[in-house]
Amino acid sequence: MNNSQIAEIFEKIAEILEIQQENPFRIRAYRRAAETVKNLSEDISEFARKDGLLKLPGIGADLASKIKEFLETGKVSAYEKLKKKVDSSLLDMLNIPGVGPKTAKLLREKFKIKSLADLEAKAKAHKIRGLPGIKEKTEENILKGLAFLKKDTGRMCLDVAFTTAEYIISSLKSLSQVIKISPAGSLRRMKETIRDIDILVTSKKGGDVMKAFVKLPNVADIAAQGPTKSSILTKEGVQVDLRVVAPESYGAALMYFTGSKAHNIKMREMAVKRGLKINEYGVFRGKRSIAGKNEEDIYSLFKMSYIEPELRENTGEIEAALRGGLPDLVKLKDIKGDIHVHTKASDGSLSISEIARLAKAKKYEYIVISNHSKSLKIAGGLSDKKLLRQIEEIRRFNKGSKGIRLLAGTEVDIRGDGSMDYSDKLLRKLDFVIAAIHSGFRQSKEKLTARIVKAMQNRYVNVIAHPCGRLIGERDAYELDYEKIFTAARKTGTAIEINAYPKRLDLTDVNCRRARELGVKFAIATDTHTKDQMDNMIYGISVARRGWIDKKDILNCRKLKEVEKFVEKKRA
DNA sequence: GCCGTTTTCGGCCCGACTGTTTTCAGTCG
């Protein structure tokens, strides 16, 4: 995908310019452009084709021409030139926490550091101390930073961050000094992966809260500790930042600490234009605070609707909020059923009645039992006979049960040529059909796209499950022509799944937004195999919210009757 | 490098913590 490549080049250029101590605003311009390009919901070549590059925020004449150059030649000559001017060890050193451009340059110039290993050796031999501004402590911190890099915790999946944050929040909540406590940062925005965890507390005794925070049993190291801001590393290598503010600043601090940075900058710029100032303590006219106790007040001060955290990426949400055009986002309580659940019959661990019990506890109206199909032998795919037996079993169960309706379904394999792993005659007997690719990931983009489009043209296929096939941190998405797929989905009346399994989150938030623009319907589903996985629905919801999807376009926010109508309409 | 209902030039969000100083630069978010 061009977008990520161009974003990376701009990001690298920014780093090099930083080393060269260029104009910081010029550096920021590259970073901002990188952000913009990364967050686009369409390939940037589409914008270039339609002469739309200059309309993108932060892209002017110069960056537009660099983008065009990349699209035509696969390179940006200015970047190629810059690369030659800067030693790669310098750029490597920037990755060390605590080491910025000034320190990196100093180290390179005084010690001719050739690599991170070289730096580590010199630091260990205490040869770094003695440089202007560097003493024992800085040397120690460089070694700590290097060790952190080696661990390379990278980014964690949303569920891991959630669990860690929950533990810390529940531990601190019991302190009498803590008034309010909330997750913030990318976790509150529910990004698909999280680098570090941000937590906000209101208290009148910040120092006490911090003391308790850094003493939590899972703390391995304290990176910083002040009365309002502290940072620790857990034993699992997760960085957690805690910020304490007074109760009257809760909203302003929550907004500031939730981000995104780009969203905050845009809001602050807006404030400046109106003669106001936003910081983490409030909105100020001169020295007087005029808002800040809660987020709602701040947004309404600017005559805009409240912006949910998941939308705060500066990708048009501020403009939409000003004109009152934000989508009606889905909440957990809107979900009326789960349409992708496995049982013991294939590779799940739950029985039909266990699933029904869990679904009732969630106040669901319906559940689609969707086991794998016959060719997926490794996952215990059901033979024709076994599927027929399961249909019978589900019908019997429904007769003897109240409060939940089970639908007989399948997660049928889309074969290499786009045909279905069960005959139409068999599919017709089911209440609901989801189809998915589980093999042949290495086919060409054209072939994979054609396979999915063909599957959608089957009148019995209601949902395409985990369309892009990725496993975060393990397997990349295969290449697809999403424009073709979304267009076909709308035309054929096939919904696209938002798979809520934290390693999948597939369709992705960015692609959701494009699909929504093209009129696609969605289904949020957990792909449950074990008991706990039915709780993953919140992660799927977060993707839908980040993708700007309107509640009315989500199939399983509808009542059973309407879901049945959706199926009937395609079969007719 | 971008951008404009004050501007096509001169602005560009704002503050905390650390380690080193002895008033602040560097780094981070």
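Naming convention: chains lettered A, B, ... in sequence-line order (proteins, then strands); numbering from 1 in each chain. Nothing here was measured: the structure is a model prediction, and the numbers come from that model.
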- Message: Base, sugar-phosphate or nothing for A/L131? Non-hydrogen atoms, less than 4.0 Å.
- Response: nothing
- Using a 4.0 Å heavy-atom cut-off across all strands, classify A/P132 as base, sugar-phosphate, or nothing. nothing
- Task: Determine whether the side chains of A/E317 and A/H263 contain a donor N or O and an acceptor N or O closer than 3.5 Å.
- Result: yes
- Task: Give a yes or no answer on whether the side chain of A/D334 reaches the backbone of A/K331 with a donor-acceptor pair at less than 3.5 Å.
- Result: yes
- Query: Quick one: is B/dC13 close enough that its OP1 or OP2 comes under 4.0 Å of any side-chain N or O from A/R268?
  - Reply: no
- Query: Does any nucleotide pair with B/dT8 by Watson-Crick or G-U wobble geometry, both distances under 3.5 Å, and what is it?
  - Reply: none
- Identify, between A/P101 and A/K273, the residue whose nearest nucleotide on DNA chain B lies closer to the 5' end. A/K273
- Task: Taking only the side-chain nitrogens and oxygens of A/S230, find out if one of them lies under 4.0 Å from OP1 or OP2 of B/dC17.
- Result: no
- Task: Would you classify A/R32 as touching base, sugar-phosphate or nothing, given that sugar-phosphate means primed atoms plus P, OP1 and OP2, and contacts are heavy atoms under 4.0 Å?
- Result: nothing
- Determine the contact category for A/P24: base if any of its heavy atoms lies under 4.0 Å from a base atom, sugar-phosphate if only primed atoms, P, OP1 or OP2 are that close, otherwise nothing. nothing
- With sequence neighbours excluded, what pairs up with A/D43 under the side-chain contact (heavy atoms from CB on, under 4.5 Å) test? A/M1, A/N2, A/N3, A/S45
- Message: Measuring to OP1 and OP2 of B/dG15, would you say a side-chain N or O of A/K277 lies under 4.0 angstrom away?
- Response: yes
- Rounded off to whole Å, could you give me the NZ-to-P distance for the A/K144 and B/dT18 pair? 11 Å
- Ignoring backbone atoms, test whether A/K135 places a side-chain nitrogen or oxygen under 4.0 Å from the OP1 or OP2 oxygen of B/dT21. yes
- Please work out if A/N23 contacts a base, only the sugar-phosphate, or nothing of the nucleic acid, heavy-atom cut-off 4.0 Å. base
- Message: Please classify the nucleic acid contact of A/S231 as base, sugar-phosphate, or nothing, using heavy-atom distances under 4.0 Å.
- Response: nothing
- Across the strands shown, which category fits A/A271 at heavy-atom distances under 4.0 angstrom: base, sugar-phosphate, nothing? nothing
- Message: Does B/dC13 have OP1 or OP2 under 4.0 Å away from a side-chain N or O of A/N264?
- Response: no
- Message: Base, sugar-phosphate or nothing for A/K137? Non-hydrogen atoms, less than 4.0 Å.
- Response: sugar-phosphate
- Query: Under the 3.5 angstrom rule, does the side chain of A/N264 hit a backbone N or O of A/Y256 as a donor-acceptor pair?
  - Reply: yes
- Query: B/dG29 phosphate, OP1 or OP2: any side-chain N/O from A/K261 under 4.0 angstrom?
  - Reply: no
- Is there a donor and acceptor pair closer than 3.5 Å between the side chain of A/Y256 and the base of B/dG29? yes
- Query: Touch check for A/K266, heavy atoms < 4.0 angstrom, all strands: base, sugar-phosphate only, or nothing?
  - Reply: nothing
- Touch class at under 4.0 angstrom, heavy-atom based, for A/I278 against every strand present: sugar-phosphate
- Item | NZ/NE/NH1/NH2 to OD/OE distance under 4.0 Å, A/E192 and A/R546 | no
- Would you say the side-chain atoms of A/D506 pair up with the backbone N or O of A/C468, donor to acceptor, closer than 3.5 Å? yes
- Message: It should be established whether A/T138 places a side-chain nitrogen or oxygen under 4.0 Å from OP1 or OP2 of nucleotide B/dT20.
- Response: yes
- Could you say whether A/A29 or A/P97 is positioned toward the 5' end of DNA chain B, judged by the nucleotide with the nearest heavy atom to each? A/A29
- Can you tell me how far C1' of B/dG19 sits from CD1 of A/I128, to the nearest Å? 16 Å
- Note on the structure: Picking from B/dA16, B/dC14, B/dG26, the nucleotide nearest the side-chain atoms of A/T228 would be B/dA16
- Task: Measure distances between side-chain N and O atoms of A/D241 and base N and O atoms of B/dG29, and say whether any donor-acceptor pair falls under 3.5 Å.
- Result: no
